[in-house]
Peer 1: 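Below you will find the structure I want to go over with you.
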Amino acid sequence: MFAKRPKPLLSFPKQQLSNPHFFFSTPTTFHTPLSSLPPRPSINQTKQAHAQIIVSGLGANASFTGHLLASLALSPSTPFAYSLSIFQTIQYPSLFASNNLIRCLAKSESPRESVVLYSCILGRNLIPNNHTYTFLLQACSKALAISEGTQVHTHVVKLGFCEDVFVRNALIHLYSACCRVECSKRVFEENGHCRDVVTWNSMLAGFVRDGRIGDAEKVFDEMPERDVISWSTMIMGHVQNGQLEEGLECFKEMREKGLRPNEAILVTVLSASAQMGLLENGRLVHSIVDSLNFPMTVSLGTALVDMYAKCGCIEQSKLLFHNMPRRDISSWNAMICGLASHGLGKEALALFERFINEGFHPVSVTFIGVLNACSRAGLVSEGRHYFKLMTEKYDIELEMEHYGCMVDLLSRAGFVDEAVELIEKMQAPPDPVLWATLLGACKIHGSVELGEKIGNKLIKLDPTYDGHYVQLASIYAKARKWEDVVRVRRLMVEQNTNKVAGWSLIEAQGRVHQFVAGDREHERSLEIYKMLETIGTRIAEAGYSPKISSVLHDIGEEEKENVVKEHSERLAIAYGMLVTKVGDCIRIVKNLRVCEDCHEASKMISMVFDREIIVRDYSRFHHFKEGKCSCLDYW
DNA sequence: GTAGGGTTAG
């Protein structure tokens, strides 16, 4: 019925699309001579079959040619020009051949063209079928052509394909790809009887893509059957939306059901373990990779390198990196950044040089690793050199993170004026984080005057963030300017700021134990505090005295000591001492930076109890061993 | 005679 319409329903933006006659010009010879096409090994077999068809005189047989197109549509690397040239040899293309050409277009670089071809189908009195719409909607999704897609939807309704599960699924996918998840939901809810696992997965992916994790979970709970794609969508949904624990929990549930994960799931859960610093969990995933005989692909290898580096096992990370059968730029980036986070600056720079010598071209992230490596190891002249190199030689655009590394490097090394100059010369308005970095350096160098200026500026910029008050107050505290400490603290209370609670976690006996300062919630709290006492006595005997300048409160010295003694990482270390064997390494992850006193205490604990303690703080790793820290007190 | 959903890494 559509073919009889004088004008097609669709109003395509023709100026951007091909001439419709292009598709149905019905030439009897090839539009593009076979010999002029560049050789593509992946379609060689199809070409050979094509040649056979021509040689055997079946070139004009529409059925053979239709099948040839169908096979070309299956190959992802077929150049569209080649498929088109075959299509154009058919004098009267059937719907079958036309559908397969739409399918070829859907996979091509110009999927939007498929609507023109569709329009030609209508003009040639061919009646589209369910296959036509599946391919056409797929093409509209790829082109993010919502306007054309919506018009195609009206045709679907008029032609009565609303109950075809393939067409419905393609519609749900189209709307979610074009950020119209409410429309996806409407299609999903209409004809509710007509659903299969793909329908549910498409709706699930739609909510995930839109960040509606709650709705996605509801769909996931309600779906009558789940396949590996349902699980991978849900796990990735959690992880990509920052719900790391939920992602790991979902993975665990999947494993309990006896399902085999795919590579994407494994990479995602490795990433979640890495972000949380959960070494035991990461190791478990690694053992699954091995036991299921997954090949060590670039993605899996990179995820493992990243996980071990972020969980404190830099040696294991290096070993895996060097044994990777193949690496890509991300593998190198992960390794360079990993080395940098462990303070192995020189090693990171040496690896970067090897990377260049092997012919790789660095990207923005590579330089974040390189500049971080310089900053964490105090390599000032190297930092200046690479900062220049990235723009002048590699033409990489400077981003806020690069400035962040440079400001940190310069100001911490004492070149505060140079850092200020760098910020002031920036073309884009500087992120307050840059000033906050400078403020941190002012604390290290005891620059009260500049710190005061920057601190007040930051407080004015964001009066609700407590971090700026804390930093400024600790600058005053270090200078023993208690009146100012009290004033800033009072201001902080008056402004009703949002306090970021500090926490530390430790994995032990298959569980994650998280502590906050002064925490008494843990089931073994009494023993933990007893252990804290023992630790305190033993390290005091060895010559430790508390560094309490980081304590804000205008309280007595003794009380200050108690406050730092109960910092979250002390509680985590004490718990670690309770539950691990003598000589075992204790691994802690915390969300804030290590305070000066805890850093000193950790060094002493490592010596007195002969324990290696590895702390991942907000910005880097600290390996405490035999009374020393890998950061050499430079952090 | 043709079909669909999910790809990770600082």
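Residue numbering restarts at 1 for every chain, and letters A, B, ... go by the order of the sequence lines.
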Peer 1: Using only side-chain N and O atoms of A:R209, determine if any of them is under 4.0 Å from OP1 or OP2 of B:dG6.
Peer 2: yes
Peer 1: Please determine, for the side chain of A:S330, which listed nucleotide (B:dG6, B:dA9, B:dG1) has the closest atom?
Peer 2: B:dA9
Peer 1: In residues 267-285 of chain A, which ones come under 4.0 Å of DNA chain B, going by heavy atoms?
Peer 2: A:V267, A:S271
Peer 1: Can you confirm if the NZ or CZ of A:R226 lies within 45° of the ring axis of A:W200 and under 6.0 Å from the centre of its six-membered ring?
Peer 2: no
Peer 1: Which nucleotide wins on minimum distance to the side chain of A:N130, given the candidates B:dA3, B:dT8, B:dG6?
Peer 2: B:dA3
Peer 1: Among B:dG1, B:dT8, B:dT2, which nucleotide has an atom closest to any side-chain atom of A:H67?
Peer 2: B:dG1
Peer 1: Under 4.0 Å between any heavy atoms, over every strand shown, what does A:L204 touch: base, sugar-phosphate, or nothing? Just pick one.
Peer 2: nothing
Peer 1: In whole angstroms, how far is the C1' atom of B:dT2 from the CG atom of A:L72?
Peer 2: 13 Å
Peer 1: Please report the distance, rounded to the nearest Å, between CD1 in A:I229 and P in B:dT8.
Peer 2: 14 Å
Peer 1: Would you indicate what A:S299 reaches in the nucleic acid, counting non-hydrogen atoms under 4.0 angstrom: base, sugar-phosphate, or nothing?
Peer 2: base
Peer 1: Can you check the A:K142 NZ to B:dA3 P distance for me, whole Å?
Peer 2: 17 Å
Peer 1: Base, sugar-phosphate or nothing for A:E263? Non-hydrogen atoms, less than 4.0 Å.
Peer 2: base
Peer 1: Does A:S75 use its side chain to pair, donor to acceptor, with the backbone of A:L72 at less than 3.5 Å?
Peer 2: no
Peer 1: How is A:S202 classified with respect to the nucleic acid when contacts are heavy atoms under 4.0 Å: base, sugar-phosphate, or nothing?
Peer 2: sugar-phosphate
Peer 1: Distance criterion of 3.5 Å, no angle test: do you see the side chain of A:N129 paired donor-to-acceptor with the base of B:dT2?
Peer 2: yes
Peer 1: Checking A:N129 against A:T132 for the side-chain hydrogen bond (donor to acceptor under 3.5 Å, both in side chains) test, could you report, in this order, the C-alpha distance in whole Å, the side-chain angles of both residues, the deciding distance, and whether it holds?
Peer 2: CA-CA 5 Å; A:N129 63 11; A:T132 318; 2.9 Å; yes
Peer 1: Does A:R587 make a cation-pi contact with A:F621, if we ask for NZ or CZ under 6.0 Å from the ring centre and within 45° of the axis?
Peer 2: no
Peer 1: Just to verify, what does A:Y175 make a ring pair (Phe, Tyr, Trp, His ring centres under 6.0 Å) with, not counting sequence neighbours?
Peer 2: A:H153
Peer 1: Could you give the CE-to-C1' distance, from A:M307 to B:dA9, as a whole number of Å?
Peer 2: 13 Å
Peer 1: Please give, in whole Å, the distance from B:dT2 P to A:L117 CG?
Peer 2: 19 Å
Peer 1: Closest approach to the side chain of A:N262, judged atom by atom: which nucleotide of B:dG1, B:dG6, B:dA3 is it?
Peer 2: B:dG6
Peer 1: Describe the nucleic acid contact of A:A205 in one word from base, sugar-phosphate, nothing, applying a heavy-atom distance below 4.0 Å.
Peer 2: sugar-phosphate
Peer 1: Regarding A:S271 and A:Q275, is there a side-chain donor-to-acceptor distance under 3.5 Å anywhere?
Peer 2: yes
Peer 1: What is the separation between atom CD1 on A:I265 and atom P on B:dA9, rounded to the nearest whole Å?
Peer 2: 14 Å
Peer 1: Using a heavy-atom cut-off of 4.0 Å across all strands, would you classify A:H131 as base, sugar-phosphate, or nothing?
Peer 2: base
Peer 1: May I ask you to say what A:D196 touches in the nucleic acid, namely base, sugar-phosphate or nothing, with a heavy-atom cut-off under 4.0 Å?
Peer 2: base
Peer 1: Return the value, rounded to whole Å, for the distance between atom CG of A:D164 and atom C1' of B:dA3.
Peer 2: 9 Å
Peer 1: Take atom CG of A:D328 and atom P of B:dA9, then tell me their distance rounded to the nearest Å.
Peer 2: 12 Å
Peer 1: With hydrogens left out and only the distance checked, is there a donor-acceptor pair under 3.5 Å joining A:T134's side chain and the base of B:dA3?
Peer 2: yes
Peer 1: Is the side chain of A:S317 donor-acceptor paired with the backbone N or O of A:C313 at a distance under 3.5 Å, no angle test?
Peer 2: no
Peer 1: Would you indicate what A:D306 reaches in the nucleic acid, counting non-hydrogen atoms under 4.0 angstrom: base, sugar-phosphate, or nothing?
Peer 2: sugar-phosphate
Peer 1: Salt bridge (Lys or Arg N to Asp or Glu O under 4.0 Å) for A:E190 and A:R186? Distances and angles first, verdict last.
Peer 2: CA-CA 6 Å; A:E190 284 164 5; A:R186 212 175 312 147; 5.7 Å; no
